[in-house]
Amino acid sequence: MIIRKLFKFENAHIVRGCSSVKCRSSLHGHSYQVELLFESNFLDNGQMVYDFGLMKQNMKDIIDCFDHSIAIWSGDEEKYIADMQLHSDRWVLLPVSPSAEQFSRVIFVFIDKLLSLTTTINGEREVKLHSVIVHETATGYAQAFREDAYSQNMGEIDLNEIEFSHEIQKSWQDARLFDKIKNSESFLNPKSV
Ligand SMILES: Nc1nc2c(c(=O)[nH]1)N=C([C@H](O)[C@H](O)COP(=O)(O)OP(=O)(O)OP(=O)(O)O)CN2
């Protein structure tokens, strides 16, 4: 069975090198919708694959990092990167360009790592991240499956190469959220949410 939870964030970017002139040469924003799809052949004590309420803790915090922020590719011009970081309190520096495709891969890697580090306590079994869909507009989306997220052909997503601005870090409920994920520290699901 597959379950799906929808999240939203507002983000600005330029996607260098693409065919769409407006997209590659002008700073612009999108109201993104992100679908996390999980799969399992088992149900927990509440007869659910994975309680949607549990997804509104650390998983939501990760996706909210991108909200009202600017996504910058570390391969962009140094002056552009410095200017964006100077003029926006909330920015995320990524090792890949912020296309819908790369957003879906980055979010997959984050959520997959978090899920693998999480100890569940309500009978959840063999819950896996199936895919991540990122809707950039009402008409265009990208869907990353496991093989896409970890594909070397599409550029490696190394979490150590991702940087969140201080203002974003301040908004985390768990101040060590990102460090814990990078250092592979364990997370314990709460009894109630
Ligand atoms: N495969 C992709 N193509 C494009 C991406 C992308 O991330 N992946 N991104 C863009 C731009 O960011 C652009 O702003 C969105 O382009 P587009 O879908 O053409 O947007 P419109 O709102 O103009 O779409 P309509 O369907 O015409 O309303 C470009 N391409």
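We use all heavy atoms of the structure for the numbers below, so side chains are in, but hydrogens, waters and symmetry mates are not. Atoms within each ligand, like the ligands themselves, are counted from 1 in listed order.
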Using a strict 4.0 Å cut-off to heavy atoms of Glu136, name the atoms of ligand 1 that fall inside it. 5 (C), 6 (C), 7 (O), 9 (N), 10 (C), 11 (C), 12 (O), 13 (C), 15 (C)

Report yes or no: does Cys18 have a heavy atom closer than 4.0 Å to ligand 1? no

Does a side-chain N-to-carboxylate-O contact under 4.0 Å join Arg4 and Glu35? yes

Does some non-hydrogen atom of the protein lie less than 4.0 angstrom from atom 12 (O) of ligand 1? yes

Lys22 touching ligand 1 at heavy-atom level, < 4.0 angstrom: no

Atom 8 (N) of ligand 1 touched by protein (heavy atom, under 4.0 Å): yes

Using a strict cut-off of less than 4.0 Å between a Lys/Arg side-chain nitrogen and an Asp/Glu carboxylate oxygen, indicate whether Arg125 and Asp44 qualify as a salt bridge. no

Report the part of Ser99 (side chain from C-beta onward, or backbone N, CA, C, O) that has a heavy atom under 4.0 Å from ligand 1; answer both or neither where that applies. both

Protein heavy atoms: any of them under 4.0 Å from atom 25 (P) of ligand 1? yes

Check Asp112 with Lys128, please: is the shortest side-chain N to carboxylate O separation under 4.0 Å? no

Can Lys60 be said to sit on top of Phe7's aromatic six-ring, NZ or CZ under 6.0 Å from centre and within 45° of the ring axis? no

Can the ring centroids of Trp91 and Phe164 be said to lie less than 6.0 angstrom from one another? no

Which of the ligand 1 atoms, numbered from 1, are nearer than 4.0 Å to a heavy atom of Thr139: 24 (O), 25 (P), 26 (O)

Short check: is a protein heavy atom less than 4.0 Å from atom 3 (N) of ligand 1? no

Looking only at heavy atoms of His30, does any of them come nearer than 4.0 Å to an atom of ligand 1? yes

Judged by non-hydrogen atoms, does Ala100 sit under 4.0 Å from ligand 1? yes

Would His28 count as a polar contact of ligand 1, with the cut-off being nitrogen or oxygen pairs under 3.5 Å? yes

Pairs where residues 20-44 contributes a residue and the test ring-ring contact (aromatic ring centres under 6.0 Å, His included) is met, not counting sequence neighbours: Phe9-Tyr32, His13-His28, His13-His30, His28-His30, His30-Tyr32, Tyr32-Phe103

Quick check on atom 17 (P) of ligand 1 - does any protein heavy atom sit closer than 4.0 Å to it? no

Need the ligand 1 atom indices (1-based, order shown) with element for anything under 4.0 Å from a heavy-atom of Ser20. 29 (C), 30 (N)

Which residue pairs satisfy the side chain to side chain donor-acceptor pair (under 3.5 Å) criterion with at least one member in residues 15-27, sequence neighbours excluded? Arg16-Asp76

Distance from atom 22 (O) of ligand 1 to nearest protein heavy atom, with residue and atom: Thr137 CG2, 4.1 Å

What are the atoms of ligand 1, with element, lying closer than 4.0 Å to any heavy atom of His13? 12 (O)

When you compare the side chain of Val127 with that of Val49, does any pair of heavy atoms fall below 4.5 Å? yes

Interatomic spacing from CG in Leu37 to CZ in Phe145 - rounded to 0.5 Å: 8.5 Å

Is there side-chain contact between Ile181 and Ile62, with heavy atoms separated by less than 4.5 Å? yes

Among protein heavy atoms, which sits nearest to atom 1 (N) of ligand 1, and what does the distance come to when rounded to 0.1 Å? Glu101 OE2, 2.7 Å

Under 4.5 Å between side-chain heavy atoms, hopping through other hydrophobics if needed: is there a path connecting Val106 to Ile72? no

